[in-house]
J.: 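Sharing a structure, written as C-alpha cells. Questions coming.
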Amino acid sequence: MQALTYLFFTKMKGTVRNIFSNAVSGIITFISIIFVLFLTFMIFTMKEELGETVSVTDVHALIMMYLGAMFFFSAILFLQKRTALVYKADANYIFSGPFSRKTVLNYLLVDSVKGSILYALFAVFYLCMMAGYLPAVTPGFVGIAFIVSTVLLFVMLGGLTYLYLLEITNPNAKKIKIGVIVVIAVLVIGLFAKNFLECPNDIQLAVANFLEDPLFYFVPLFGYTKLCLVGFVEKNVMMFVGGLALDIFIAVVLWLLIVNVRGDFYEKVMEDAEWADEIRKQAQLGKTKEDMNKKIKEVKNVEFRSGAAAIASKNILELRKTKNWLRKQEAFLMLFYLAIAFMIDMGYTFFQYYILIILLMSANTDFIVQELKHHYIYLIPDKPFKKIMYLIQPMMIKMVIMVLFGLTAGLIVFRPSIIEYLASIANILSYGIMFIAGSIWSIRLLKSGNNAFAEQMIKMLVMLAACIPAVVASVAVILLVDPNMSYDTLMSIVSVVSVICNGLVGLLFIIFAKGMLNGANVMAD
C-alpha cells in the first residue's frame, strides 16, 4: 500500500507542478484563487450589511435547488454508456505490481475521495455565487455543505465504481444504474404530485408545501443530506447529526462492499483504461465523447468559400454533418433550471442569470485550440482579423441557438413582454461575445489551454473588466436623461447602452487577440 500511496501523492504533485510550469498559468491561478476567496468574503460581508431576513420556505428552496443540481450531475454520471476507473498509466502500475485485490480497490476508492472533494469545492462555490447573499448561507453552513456534498458525491462516484465492477461479472447489473436514478426521480415526482393534488388550484402553495415536506427526508441519500443541512440551519442537533450519520453510514457500507468485490475485473479495467486514454487524447484536440459518438450524416447544398471564410465553411460543414448545434446536456440543463425558476417563483429575469452561467461554461477553448493546431490556418493569405472572426463564427452561431432555445422556453413559461424578451436576447448575446473574447484571451495567455480553472477565471476577469464601460455609460444615462422619464423607458435605454458597450468591448478584445493568426503558431510557443 505504501507504493500506491506514493503514486497517489506523486500524481497530485505532478498536477500542481503542471499548473505552475508555465509562469503565466501559475500567476493567473494564484490570482484567481485570491480573487475567488475575496469574492466569497465580499458576499458574506455584503449580506451582513443588508441585514435581510429569510423565510423557512426560502431555506428549503435553496437546499432543494442545490440538491437538484447535485442530482443532475449524478444522473449524467450514472447514465453514461461507458466509463473507466483509471487511465492506462495507472492501470499498468497498479495491476502489474505485487498488490492484493483489496489494496487495489482501496486505491481506487481513495482516488474517488479526491474527485469528490474537488467536485464538492466547485459545488459550494456555486452555492455561494447563487445564494451567498442570504443570511442562512453562513461560513458554517458552507462548511457543512462541503462536508455532506463530499460524502454524497463519494457515494455517487463509489456507487458508480461498485456497479462497474458488478457489470464485469453480471451484465444485468447495468440496469441497476438506471434503476437508482429512476427510483429517486419517481420518489421526488410522486412527492410533488401528492402536494399538488392536495392544493391543485394553487401551484405556488403546492411548491411551498413540497419544498418543506418532511417525507423528502426519506428519499435515499438526497433526503438525508437535506435533513443534515436543514438541521444545521434550524439548530436542530438531532436532525443535523441524524442526516450526517445516515450519509456516512451509506458511504461506509459502500466502501466495504467495494473492497470485498469478487471476480476477475483486471482485464476489463485495463481495456477501459486504454479507451479512456484515447478519449483524453481526443479531448486535447477539442473533441468530446459525444462528438466522437455522433453519427455522420450526408448534407446537401454545401457551400465552401475561399480565403479566411474557408475556416468557417469547414467547421460549419462539420456541425451540419454531426447535427451538433445544441448539446443534450446544455438543453437539459436549461430546462432543469427553468423548472426550478418556475417552481420557486424566481421569474424570467432571474432565469436569465442561469442562461448566462450555462453560456459561460459552454464557451470553452477546446474548439479554438483544435483549430490553432492546424498549420494550414496560418498559411491562408488573408488578414488575421478576418481569420479570427471566421474562426469564432461557428461558436457564435451555436451561442445564438443556445440563447434562443433557453429564452424561448422561458418566454413560454413566464410570458414576459415581447420587448423584454428581445432585450434579454440582445443583452445575453452581448455577454456571450465577452465570453468568447475571454476564451480567446485564455489561449493567448496560457498557450497550451490545459489549465481549465485559469481559463474560466480569465473569462470572468474579462467579463468584469468589460462591464466597467457599460456601468459608467449606464450611470451617465441615468444622470443625463429627463428625470420625468418613466422607469420602463429609462431601463430600456440603459439596456441598449449596456448591450452596445458589451458588444464593442468584446469586439475590442478580439481585435487585440488577432495577432494569434498572423502566421506564428501560438500553440508552438
Side-chain angles (χ1 to χ4, degrees), residues 8 66-87 90-91 94 101-123 145-189 216-229 243-263 265-266 268-269 272-273 275-276 289 329 332:
F8 178 78
Y66 182 64
L67 292 176
M70 301 283 278
F71 175 77
F72 184 84
F73 170 75
S74 302
I76 291 176
L77 290 178
F78 266 66
L79 297 178
Q80 289 184 102
K81 292 182 179 179
R82 189 176 182 183
T83 186
L85 298 183
V86 290
Y87 288 111
D90 287 345
I94 63 178
R101 177 192 298 269
K102 285 192 174 182
T103 300
V104 170
L105 290 171
N106 274 308
Y107 172 81
L108 296 176
L109 285 170
V110 170
D111 212 39
S112 294
V113 172
K114 181 188 72 173
S116 303
I117 292 172
L118 292 175
Y119 285 129
L121 283 172
F122 176 78
F146 169 71
I147 292 172
V148 293
S149 297
T150 301
V151 177
L152 186 151
L153 287 166
F154 169 75
V155 172
M156 303 309 295
L157 294 175
L160 199 61
T161 299
Y162 180 61
L163 293 174
Y164 171 88
L165 296 173
L166 288 183
E167 284 178 30
I168 294 174
T169 54
N170 182 11
N172 291 326
K174 184 179 296 186
K175 299 177 182 178
I176 299 177
K177 289 197 300 186
I178 300 175
V180 169
I181 298 299
V182 170
V183 167
I184 294 176
V186 167
L187 287 174
V188 175
I189 293 171
F216 185 84
Y217 298 139
F218 293 95
V219 175
L221 196 60
F222 293 91
Y224 311 151
T225 302
K226 182 186 178 184
L227 182 68
C228 175
L229 293 174
L244 183 59
L246 286 170
D247 273 346
I248 293 176
F249 174 75
I250 293 177
V252 172
V253 170
L254 181 62
W255 191 297
L256 293 175
L257 286 173
I258 292 175
V259 297
N260 288 288
V261 165
R262 301 299 176 189
F265 55 83
Y266 283 23
K268 176 62 174 174
V269 173
D272 287 337
W275 167 80
K289 287 190 290 184
Q329 292 91 332
F332 287 150

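For reference, positions follow the sequence shown, starting with 1.
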J.: Please tell me if the side chains of Leu254 and Leu109 come closer than 4.5 Å, counting only heavy atoms from C-beta onward.
T.: no
J.: To the closest 0.5 Å, what do you measure between OH (Tyr217) and CG (Leu246)?
T.: 13.0 Å
J.: Working to the nearest 0.5 Å, report the span between CG of Leu257 and CG of Leu163.
T.: 10.5 Å
J.: Can you find a pair of side-chain heavy atoms, one from Tyr164 and one from Leu160, that are under 4.5 Å apart?
T.: no
J.: Measure across Ala120 and Leu153 and return the closest heavy-atom pair with its distance rounded to 0.1 Å.
T.: N-CD1, 3.5 Å
J.: At what distance, to the nearest 0.5 angstrom, does CD1 of Ile258 lie from CG of Leu105?
T.: 8.0 Å
J.: Any side-chain heavy-atom pair from Leu221 and Met156 closer than 4.5 angstrom?
T.: yes
J.: Determine whether Asn260 and Lys102 make a side-chain contact, defined as any pair of heavy atoms from C-beta on separated by less than 4.5 Å.
T.: yes
J.: With no hydrogens and no angle check, do the side chains of Ser149 and Tyr119 hold a donor and an acceptor under 3.5 Å apart?
T.: no
J.: Could you tell me if the side chain of Val155 sits less than 4.5 Å from the side chain of Tyr224, heavy atoms only?
T.: no
J.: I need the minimum non-hydrogen distance between Ala145 and Tyr66, along with the two atoms involved.
T.: O-OH, 4.1 Å
J.: Less than 4.5 Å apart, any side-chain heavy atom of Ile117 and any of Phe146?
T.: yes
J.: Are the side chains of Ile250 and Pro220 in touch, meaning some heavy atoms are under 4.5 Å apart?
T.: no
J.: Is any side-chain heavy atom of Phe222 closer than 4.5 Å to one of Leu227?
T.: no
J.: Looking at CZ of Phe154 and CG of Asp247, how far apart are the two atoms once the value is rounded to the nearest 0.5 Å?
T.: 12.0 Å
J.: Looking at every heavy atom in both Leu157 and Ser112, which two are closest together, and how far apart are they?
T.: CD1-O, 3.8 Å
